[in-house]
Amino acid sequence: MIIRGDQADLIHNHEGRLAPNQQRQLQAMRAFRVPFLPMLLIGLALISYGTLRFDTLGWVVAGLGGVLIINAWVRRQSQAALKAGVVQAITGELEKIQPVPFAMFESELVINKRSYALLAKLGNQPLQVGQPYTIYVAKGVSRMGIIVAVETA
């Protein structure tokens, strides 16, 4: 029985993919709208400038450029994973529910000793610690894993 999410979307999730509605909802999040290419180019420019200076400040600027390049690569990977739309089903007992400071997520759920972010606005039926659930996680989209649907196991 579905606890959180839309029954029509769950059909796609059972097949291991995001429903178009879920994909649109995730793409609307600010974290996935930031283009990676400008960040990559700025990072390369900072590295070039920093290595040309050849002093302490230059190395700091080059390090900042490296951080930007890594961040751009992670964003690119997340956007590619979102476009692929692969969903992973995970079944286990809900161990803990923790609040999160971001409005795009309702809470953090701990299942099988791993943390997952529960997407906001999936419904308001309560989840109970100690109950077994099957969660559907958008694979590769976020380091933590974003839950797009929940049903009883």
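Since the model is a prediction, treat every value here as computed from it, not as a measurement. These numbers come from the heavy atoms of this one structure, side chains and all, not from hydrogens, waters or symmetry mates. Index from 1, following the sequence.
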| message | Strictly by salt bridge (charged side-chain N to carboxylate O under 4.0 Å, His left out), give each pair with a member in residues 114-127 just once, sequence neighbours left out. | response | none

| message | So, using side chain to side chain contact (heavy atoms under 4.5 Å, CB included) as the criterion, who are the partners of Thr91 when residues are at least two apart? | response | Thr134, Ala153

| message | For Ile90 and Ile135: C-alpha separation, side-chain torsions, deciding distance, then whether side-chain contact (heavy atoms from CB on, under 4.5 Å) applies. | response | CA-CA 5 Å; Ile90 299 168; Ile135 59 172; 3.8 Å; yes

| remark: Note: Ala149 and Leu10 closest approach over all heavy atoms is CB-CD1, 4.0 Å

| ILVMFWY network linking Ile42 to Ile47, side-chain heavy atoms under 4.5 angstrom | no

| query | Is there a path of hydrophobic side-chain contacts, each under 4.5 Å between heavy atoms of I, L, V, M, F, W or Y residues, that connects Leu37 with Ile69? | reply | yes

| note | So the side-chain hydrogen bond (donor to acceptor under 3.5 Å, both in side chains) pairs with at least one residue in residues 35-45 (sequence neighbours excluded) are none

| said: Run the side-chain contact (heavy atoms from CB on, under 4.5 Å) test on Val137 and Val87 for me, step by step, so that the C-alpha distance in whole Å, both residues' side-chain angles and the decisive distance to 0.1 Å come before the verdict. | reply: CA-CA 5 Å; Val137 179; Val87 172; 5.9 Å; no

Distance-only criterion, 3.5 Å: show the donor-acceptor pairs between side-chain atoms of residues 101-110 and protein atoms not counting sequence neighbours.
| unit_1 | atom_1 | unit_2 | atom_2 | d |
| --- | --- | --- | --- | --- |
| Glu106 | OE1 | Arg4 | NH1 | 2.6 |
| Glu106 | OE2 | Arg4 | NH1 | 2.8 |
| Glu106 | OE2 | Arg4 | NH2 | 3.2 |
| Glu108 | OE2 | Ser115 | OG | 2.8 |

| query | About how many Å separate OH of Tyr133 and CD1 of Ile147, when rounded to the nearest 0.5 Å? | reply | 11.5 Å

| Within residues 122-143 or reaching into it, pairs that qualify as salt bridge (charged side-chain N to carboxylate O under 4.0 Å, His left out) - sequence neighbours excluded | none

Return a table of donor-acceptor pairs under 3.5 angstrom between the side chains of residues 14-24 and protein atoms on other chains or two or more places apart.
| unit_1 | atom_1 | unit_2 | atom_2 | d |
| --- | --- | --- | --- | --- |
| His14 | NE2 | Tyr136 | OH | 3.0 |
| His14 | NE2 | Glu151 | OE2 | 3.0 |
| Glu15 | OE1 | Arg17 | NE | 3.1 |
| Glu15 | OE1 | Arg17 | NH2 | 2.4 |
| Arg17 | NH1 | His12 | ND1 | 2.8 |
| Arg17 | NH2 | His12 | ND1 | 3.4 |
| Asn21 | ND2 | Asp9 | OD2 | 3.4 |
| Gln22 | OE1 | Asn13 | ND2 | 2.9 |
| Gln22 | OE1 | Ala19 | N | 3.0 |
| Gln22 | NE2 | Asn13 | OD1 | 3.0 |
| Gln22 | NE2 | Val148 | O | 3.4 |
| Gln23 | NE2 | Leu82 | O | 2.6 |
| Gln23 | NE2 | Lys83 | O | 3.2 |

Identify all side-chain donor-acceptor contacts of residues 55-67 below 3.5 Å with residues at least two apart in sequence or on another chain.
| unit_1 | atom_1 | unit_2 | atom_2 | d |
| --- | --- | --- | --- | --- |
| Asp55 | OD1 | Arg53 | NE | 3.2 |
| Asp55 | OD1 | Gly58 | N | 2.8 |
| Asp55 | OD2 | Arg53 | NH2 | 2.8 |

| request: Work out which heavy atom in Gly140 is nearest to a heavy atom in Ala81; give both atom names and the distance. | output: O-CB, 3.3 Å

| request: In sequence, state the C-alpha distance, the side-chain angles, and the governing distance for Leu40 and Leu68, and then conclude on side-chain contact (heavy atoms from CB on, under 4.5 Å). | output: CA-CA 7 Å; Leu40 178 69; Leu68 281 176; over 6 Å; no

| query | Apart from Val86 itself, what residues make up its hydrophobic cluster when side-chain heavy atoms of I, L, V, M, F, W and Y under 4.5 Å apart count as a link, directly or indirectly? | reply | none

| field | Residues that Thr51 engages under side-chain hydrogen bond (donor to acceptor under 3.5 Å, both in side chains), provided they are two or more places apart | value | none

| said: Applying salt bridge (charged side-chain N to carboxylate O under 4.0 Å, His left out) as the test, list every pair that has at least one member in residues 37-49; sequence neighbours left out. | reply: none

| Transitive ILVMFWY side-chain link Leu46 to Phe36, under 4.5 Å | no

| said: The criterion is side-chain hydrogen bond (donor to acceptor under 3.5 Å, both in side chains); which residues satisfy it with Ser78, sequence neighbours excluded? | reply: none

| query | Run the side-chain contact (heavy atoms from CB on, under 4.5 Å) check on Gln131 and Leu94 step by step: do they pass? | reply | CA-CA 6 Å; Gln131 294 287 12; Leu94 178 60; 5.6 Å; no

| request: Sequence neighbours left out, what passes side chain to side chain contact (heavy atoms under 4.5 Å, CB included) with Asn71? Give chain and number order. | output: Met39, Arg75

| message | Membership question, hydrophobic clusters at under 4.5 Å side-chain separation (ILVMFWY): are Val129 and Ile111 in the same one? | response | yes

| message | Tell me the closest heavy-atom pair linking Ile3 and Gln125, and the distance in Å. | response | O-OE1, 3.5 Å

